[in-house]
Amino acid sequence: MTQNLSSRRYLMCRPTHFAVDYAINPWMDPSAPVDADLAIRQWSTLRQVYLDLGHTVDEIEPLPGLPDMVFAANGATVVDGRALAVQFLNPERADEGPAYASWFERAGFEVHQPKHVNEGEGDILLAGDLLLAGTGFRTAHAAHAQVQEVFGRPVVTLQLVDPRFYHLDTALCVLDPQTVAYLPEAFSPGSQAVLRRLFPDAIIARPADAEVLGLNAVSDGRHVVLPAQATGFAAALTERGYEPIGVDMSELRKAGGGPKCCTLEVRDR
Ligand code: ARG
């Protein structure tokens, strides 16, 4: 295939120990059956899509007893070769923080320890020179100041208001340095005004797309890997010149995750 000029490096965690054993967001129902093999197949397909696009995928060893560790986006925030480690709100996920931090240390990154609850790229998204930072459900507002200090880039606080969209990456997707897509209703009125001001050309998502976690998508600036069920968002992307690639993540959605949750972007220096 032709060389992908916007080739990315991603970190992923195979859902070997995936399960829905507890409920820390409204998507999770521990009494509903989960097909663990199907989850692994869906995850493997996502990984293969990245490889076919010419991206690099690193893998972190999945640890038993950490069923949500597959959601690598929550493992860190990584910009300019610097990694801000995470501190989870929920004790069920606490041990994932040091596991991801140690991966980055071993990989030679400058690792900063978290001072407040921050759930990595679940809530902190790089958009051009800015870092968009969600708060309201998981990442503490106080963490935003540390994010700005560590990365030396302006941080824009966005207030999330709908518990179904508990992480910023469930309500907003960065498509390229200038463009985002988002669901306005997931944000407070003031944050909606901020988003309109910063991104007047944004794709405004519809609830039907957000409700299949359609905004939990991964863009390399041209290809956008998104949940296959988000057909309206896919059409909007095509209209704007992006190339949507649908993947079925239905099994992982039972834990409240989609393609982006499974994918941590590793930005080297
Ligand atoms: N069950 C996980 C949680 O509630 C899902 C995390 C999804 N990750 C994300 N980046 N939105 O923490």
Side-chain angles (χ1 to χ4, degrees), residues 10-32 34 36 39 42-43 46 60 62-63 65-78 84-97 99-100 114 117-126 131-140 143 147 158 160 162-174 181-183 186-187 205 209-219 225-227 230 247 249-266:
Y10 298 129
L11 178 62
M12 296 181 74
C13 180
R14 185 175 293 273
T16 311
H17 308 291
F18 179 66
V20 179
D21 292 339
Y22 50 78
I24 56 171
N25 69 53
W27 303 83
M28 301 175 87
D29 174 4
S31 70
V34 169
Q42 291 177 341
W43 178 91
L46 175 65
I60 181 173
L63 298 176
L66 297 175
D68 275 336
M69 194 170 167
V70 57
F71 300 117
N74 300 125
T77 305
V78 192
L84 174 59
V86 300
Q87 180 181 321
F88 284 91
L89 175 69
N90 302 100
E92 292 90 340
R93 298 195 68 184
D95 291 345
E96 295 179 43
Y100 278 94
V117 169
N118 99 68
E119 299 201 352
E121 273 206 329
D123 274 323
I124 301 155
L125 296 172
L126 183 69
L131 285 155
L132 306 178
T135 189
F137 296 102
R138 300 291 183 85
T139 296
V147 170
L158 298 169
L160 295 163
D162 183 332
R164 292 173 302 166
F165 308 115
Y166 55 94
H167 275 141
L168 181 62
D169 71 357
T170 63
L172 181 146
C173 172
V174 177
Y182 66 97
L183 178 73
F187 297 91
D209 288 310
E211 283 160 11
V212 290
L213 286 178
L215 287 165
N216 197 252
V218 177
S219 175
V225 182
L226 79 169
V247 289
M249 303 297 285
S250 56
E251 225 41 42
L252 292 147
R253 193 162 68 228
K254 292 177 179 171
K260 169 61 205 163
C261 297
C262 295
T263 312
L264 176 59
E265 184 158 353
V266 179

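Indexing begins at 1, ligand by ligand and atom by atom, following the structure's order. Scope of the values below: all heavy atoms of this structure, side chains included, with no hydrogens, waters or symmetry mates.
Rounded to the nearest 0.5 Å, atoms CG (Asn25) and OG1 (Thr170) are 9.0 Å apart.
Under the salt bridge (charged side-chain N to carboxylate O under 4.0 Å, His left out) criterion, Arg253 pairs with no residue at all, not counting sequence neighbours. Scanning for side chain to side chain contact (heavy atoms under 4.5 Å, CB included) contacts around Ala73 gives Glu121, Asp169, Lys260, with sequence neighbours left out. Taking Phe137 as the reference, Leu160, Pro163, Tyr166 meet the side chain to side chain contact (heavy atoms under 4.5 Å, CB included) condition, with sequence neighbours excluded.
In this structure, ligand 1 sits under 4.0 Å from heavy atoms belonging to Ile24, Asn25, Met28, Asp68, Phe71, Ala73, Asn74, Arg93, Gly122, Arg138, Tyr166, His167, Asp169, Thr170, Ala255, Gly256, Cys261.
Between the side chains of Asp68 and Tyr22, at least one donor N or O sits under 3.5 Å from an acceptor N or O.
A donor-acceptor pair is defined here as one N or O able to donate and one able to accept, closer than 3.5 Å; such a pair exists between the side chain of Asp123 and the backbone of Leu168.
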